[in-house]
Amino acid sequence: GGKAIFDEKCAGCHTIGNGKLVGADLKDVTKRREEGWIKNFLKDPPKMLASDPIAQQLLKENNNVSMPNMALTD
C-alpha cells in the first residue's frame with residue numbers, strides 16, 4: 001500500500017509532520033498543492049523542475065537539491 005511505498009521511496013528525504021529533511025515536510029501537502037500538480041511532480045520531477053515555477057521555487061527552498069525520478073506511477 002501507500003505506506004510501504006512511502007517508507008521505501010520517500011522516507012529517506014521526507015517526513016509527514018516531523019519537519020524538513022533533505023526534502024520538504026509533506027504534512028498537509030494536499031492543502032498547499034493541487035492534486036494534479038502533486039501527481040505530475042511525483043511522476044516526473046525533472047520535467048516539472050524544468051518548466052514549472054512552483055517546482056523551481058521549491059528547488060531554491062531546498063538548497064537546490066532536486067527530487068530524482070523515483071519511477072512512480074498513478
Side-chain angles (χ1 to χ4, degrees):
K3 183 178 183 333
I5 293 169
F6 183 86
D7 289 348
E8 177 187 341
K9 298 205 178 234
C10 312
C13 294
H14 296 280
T15 72
I16 300 175
N18 290 318
K20 182 178 171 179
L21 292 178
V22 175
D25 184 334
L26 298 179
K27 183 173 183 189
D28 296 327
V29 69
T30 57
K31 294 179 182 174
R32 296 191 307 269
R33 304 281 176 258
E34 293 178 0
E35 182 178 338
W37 187 95
I38 295 169
K39 286 181 178 181
N40 286 335
F41 189 81
L42 291 176
K43 285 192 282 188
D44 195 345
K47 181 179 177 182
M48 290 287 283
L49 289 165
S51 63
D52 184 84
I54 294 170
Q56 292 165 354
Q57 181 61 38
L58 288 172
L59 182 64
K60 288 179 189 172
E61 292 171 9
N62 289 283
N63 300 316
N64 289 315
V65 177
S66 61
M67 182 171 149
N69 189 331
M70 301 300 290
L72 299 171
T73 64
D74 289 336

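Every value quoted in this text rests on a predicted model; they were computed, and no experiment measured them.
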Just do the side chain to side chain contact (heavy atoms under 4.5 Å, CB included) check on R33 and L58 with the steps written out, would you?
-> CA-CA 12 Å; R33 304 281 176 258; L58 288 172; 3.7 Å; yes

Atom CG of L26 and atom CD1 of I16: how far apart are they, to the nearest 0.5 Å?
->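 Result: 6.0 Å between the selected atoms.
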
To the nearest 0.5 Å, what is the distance between CD (E34) and NZ (K39)?
->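 E34 CD to K39 NZ: 12.5 Å, rounded to 0.5 Å.
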
Within-4.5 Å side-chain heavy-atom neighbours: L42 and M67 |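 Yes, close enough: below the 4.5 Å cut-off.
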
Is there side-chain contact between V29 and H14, with at least one heavy-atom pair below 4.5 Å?
->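 No, their side chains stay 4.5 Å or more apart.
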
Using side chain to side chain donor-acceptor pair (under 3.5 Å) as the criterion, list what pairs up with [X], not counting sequence neighbours.
X   : answer
N64 : none
N62 : K20
N18 : none
K47 : none

If you look only at pairs with a residue in residues 60-74, which of them pass as a salt bridge (Lys or Arg N to Asp or Glu O under 4.0 Å), with sequence neighbours excluded?
->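 Residue pairs with at least one partner in residues 60-74: K43-D74.
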
Check the surroundings of atom CD in E35: do more than 12 heavy atoms from other residues, nucleotides or ligands lie under 6.0 Å from it?
->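 No, because the 6.0 Å sphere around CD of E35 holds 12 heavy atoms or fewer from other groups.
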
Has the side chain of D52 got a donor or acceptor atom that lies under 3.5 Å from a matching backbone atom of I54?
->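 Yes, because the side chain of D52 sits within donor-acceptor range (under 3.5 Å) of the backbone of I54.
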
Is the backbone N or O of D44 less than 3.5 Å from a side-chain atom of N69, with the two atoms forming a donor-acceptor pair by type?
->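 Flag not set: sc N69 to bb D44 has no pair under 3.5 Å.
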
Any pair with a residue in residues 30-53 that passes ring pair (Phe, Tyr, Trp, His ring centres under 6.0 Å), sequence neighbours left out, goes on the list, sorted by first then second residue, please.
->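 For residues 30-53, and leaving out neighbouring residues, the ring pair (Phe, Tyr, Trp, His ring centres under 6.0 Å) pairs sorted by first residue read W37-F41.
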
Linking I/L/V/M/F/W/Y whenever their side-chain heavy atoms sit closer than 4.5 Å, directly or via other members, would M48 and M70 fall into one cluster?
->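 Hydrophobic grouping puts M48 with M70.
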
Minimal non-hydrogen separation, P45 against P68, with atom names =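 Minimum heavy-atom separation between P45 and P68: CG-O, 3.5 Å.
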
